[in-house]
Amino acid sequence: MSARRTNVGLLLALAAAFATGVLAYGVGSGWNVYVSVGHAIAGFVVIVLSPWKSVIARRGLRRQRRGRRASVALSVLTLAALLFGLLHSTGLARSFGVLTAMQLHVGAALLSLPFVVWHIAVRPARLHRTDIRRRQVLHGAAVTAAGAVVFGLSKALEHVAGLPGRSRRFTGSYEEGSGTPEEMPVTQWLDDDVPIIDVAQWTLLVAGRSWSHEQLTGFDQAVDALIDCTGGWFATQRWEGAWLHDLVGDTAGARTIVVRSATGYQRSFPIEDASRLLVAHRVAGEPLSPGHGYPARLVAPGRRGFWWVKWITEIELSDRPWWIQSPFPLT
């Protein structure tokens, strides 16, 4: 395979891996299964092309070219992202100290982005008209098919060898603590810490009305819902509390629900979700623990864990479109 075709193929595969990774990270149900499979296949396409790329890399290292260290850094980060992705997906190693293999996989991929941009700018793999001819399209399809075959073989190996990865959810997450909240991991987004909240002083402000903890615990509506954390785990629990539409009341003129935490964290939801969101104060028959959102947290079935706002202090109605927010929280 020519150097240019290899570079173009790698560029497309890395772009596909990044795009599907972002989508898979944000969606917890439905068509996510196809995105997750696409992400895995894109990663295996990179592996399939690696032997040809290694030949190109060895040639480049023999020359005194500008940016060799940046190129080496890109290679190391790409290999790290692949390695930690494989370790997580197979279950052979799911954590390294305080960091999970999933977090290291995502972290390596994000760190590689500036090096990818630099590499494209300095050594562009330009697309040519000939790249869309039948022969080249078939060649690309064959490489993609090879990646799909390797992916299929890896899944078969997981089952034959009895690897932990065979029990993963389609999002890549492993089950931890279903039905037993005390075994469910305590996680929060980026720089949040578990706050110390005096429930006697705590109130929940909902669309201008204040609810005390005692008033909130008077609601015993319940839902069995699965929380799927982007850290690589999921759990199904029975959550008890109040449906959001019962707390909000009149939503006339509103387009968005904004849910805020005591830590300053917030997420926005379409007003139509008011009947599907639960403000929970209990889980599996017991009050929430501080790490799991005490005194109240949001339960958002079908959404990934970062939508499940913990330590809620305020719920506000807004006329702004709900999607005017960062796809992923910045803090």
Side-chain angles (χ1 to χ4, degrees), residues 1-25 31-61 70-90 92 101 105-106 108-160 163 165 168 170-172:
M1 186 185 299
S2 70
R4 198 186 69 79
R5 288 178 183 172
T6 299
N7 288 333
V8 169
L10 276 173
L11 176 61
L12 294 175
L14 288 172
F18 180 77
T20 53
V22 169
L23 286 173
Y25 217 53
W31 47 268
N32 181 290
V33 62
Y34 304 107
V35 176
S36 298
V37 169
H39 181 67
I41 291 175
F44 280 112
V45 168
V46 174
I47 294 174
V48 167
L49 291 173
S50 293
W52 287 277
K53 183 60 179 179
S54 66
V55 174
I56 299 169
R58 285 197 299 271
R59 291 174 185 167
L61 289 173
S71 295
V72 171
L74 174 57
S75 299
V76 171
L77 288 169
T78 301
L79 290 173
L82 290 170
L83 174 62
F84 289 121
L86 286 171
L87 290 174
H88 173 81
S89 63
T90 58
L92 291 174
H105 167 67
V106 174
L110 292 176
L111 288 174
S112 72
L113 284 179
F115 294 102
V116 172
V117 173
W118 171 87
H119 200 280
I120 293 173
V122 175
R123 298 167 192 167
R126 295 185 178 89
L127 294 174
H128 296 170
R129 287 185 178 182
T130 55
D131 291 329
I132 59 174
R133 289 181 179 175
R134 182 172 180 271
R135 181 178 178 182
Q136 279 66 38
V137 171
L138 290 175
H139 186 272
V143 173
T144 303
V149 169
V150 176
F151 167 67
L153 291 174
S154 71
K155 297 301 292 182
L157 178 62
E158 288 175 6
H159 286 273
V160 171
L163 297 179
R168 288 182 304 138
F170 62 84
T171 58

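By convention here, the first residue in the shown sequence is residue 1.
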Could you tell me whether the side chain of Ser36 and the main chain of Val33 form a donor-acceptor pair under 3.5 Å?
no
What I'd like to find out is whether the side chain of [X] reaches to under 4.5 Å of the side chain of [Y], using heavy atoms alone.
| X | Y | answer |
| --- | --- | --- |
| Ile47 | Val150 | no |
| Phe115 | Ser71 | no |
| Phe18 | Leu113 | yes |

Provide the closest heavy-atom pair for [X] versus [Y] in the form atom of the first, atom of the second, distance.
| X | Y | value |
| --- | --- | --- |
| Leu92 | Leu163 | CD2-CD2, 3.8 Å |
| Lys53 | Thr6 | N-CG2, 3.9 Å |
| Val45 | Ala13 | CG1-CB, 3.7 Å |
| Ala109 | Ala81 | N-CB, 4.1 Å |
| Ala17 | Thr20 | O-OG1, 3.2 Å |

Tell me, please, which residues at least two apart from Ala101 pass side-chain contact (heavy atoms from CB on, under 4.5 Å).
His88, Phe96
Passes side-chain contact (heavy atoms from CB on, under 4.5 Å), Leu86 versus Phe44? Steps please.
CA-CA 10 Å; Leu86 286 171; Phe44 280 112; 3.9 Å; yes
How long is the gap from [atom1] on [X] to [atom2] on [Y], to the nearest 0.5 Å?
| X | Y | atom1 | atom2 | answer |
| --- | --- | --- | --- | --- |
| Leu111 | Leu74 | CG | CG | 11.5 Å |
| Leu153 | Glu158 | CG | CD | 11.5 Å |
| Leu83 | His105 | CG | NE2 | 11.0 Å |
| Leu110 | Leu77 | CG | CG | 10.5 Å |

Before giving the answer on side-chain contact (heavy atoms from CB on, under 4.5 Å), spell out for Phe84 and Leu87 the whole-Å C-alpha distance, their side-chain angles and the decisive distance to 0.1 Å.
CA-CA 5 Å; Phe84 289 121; Leu87 290 174; 4.2 Å; yes
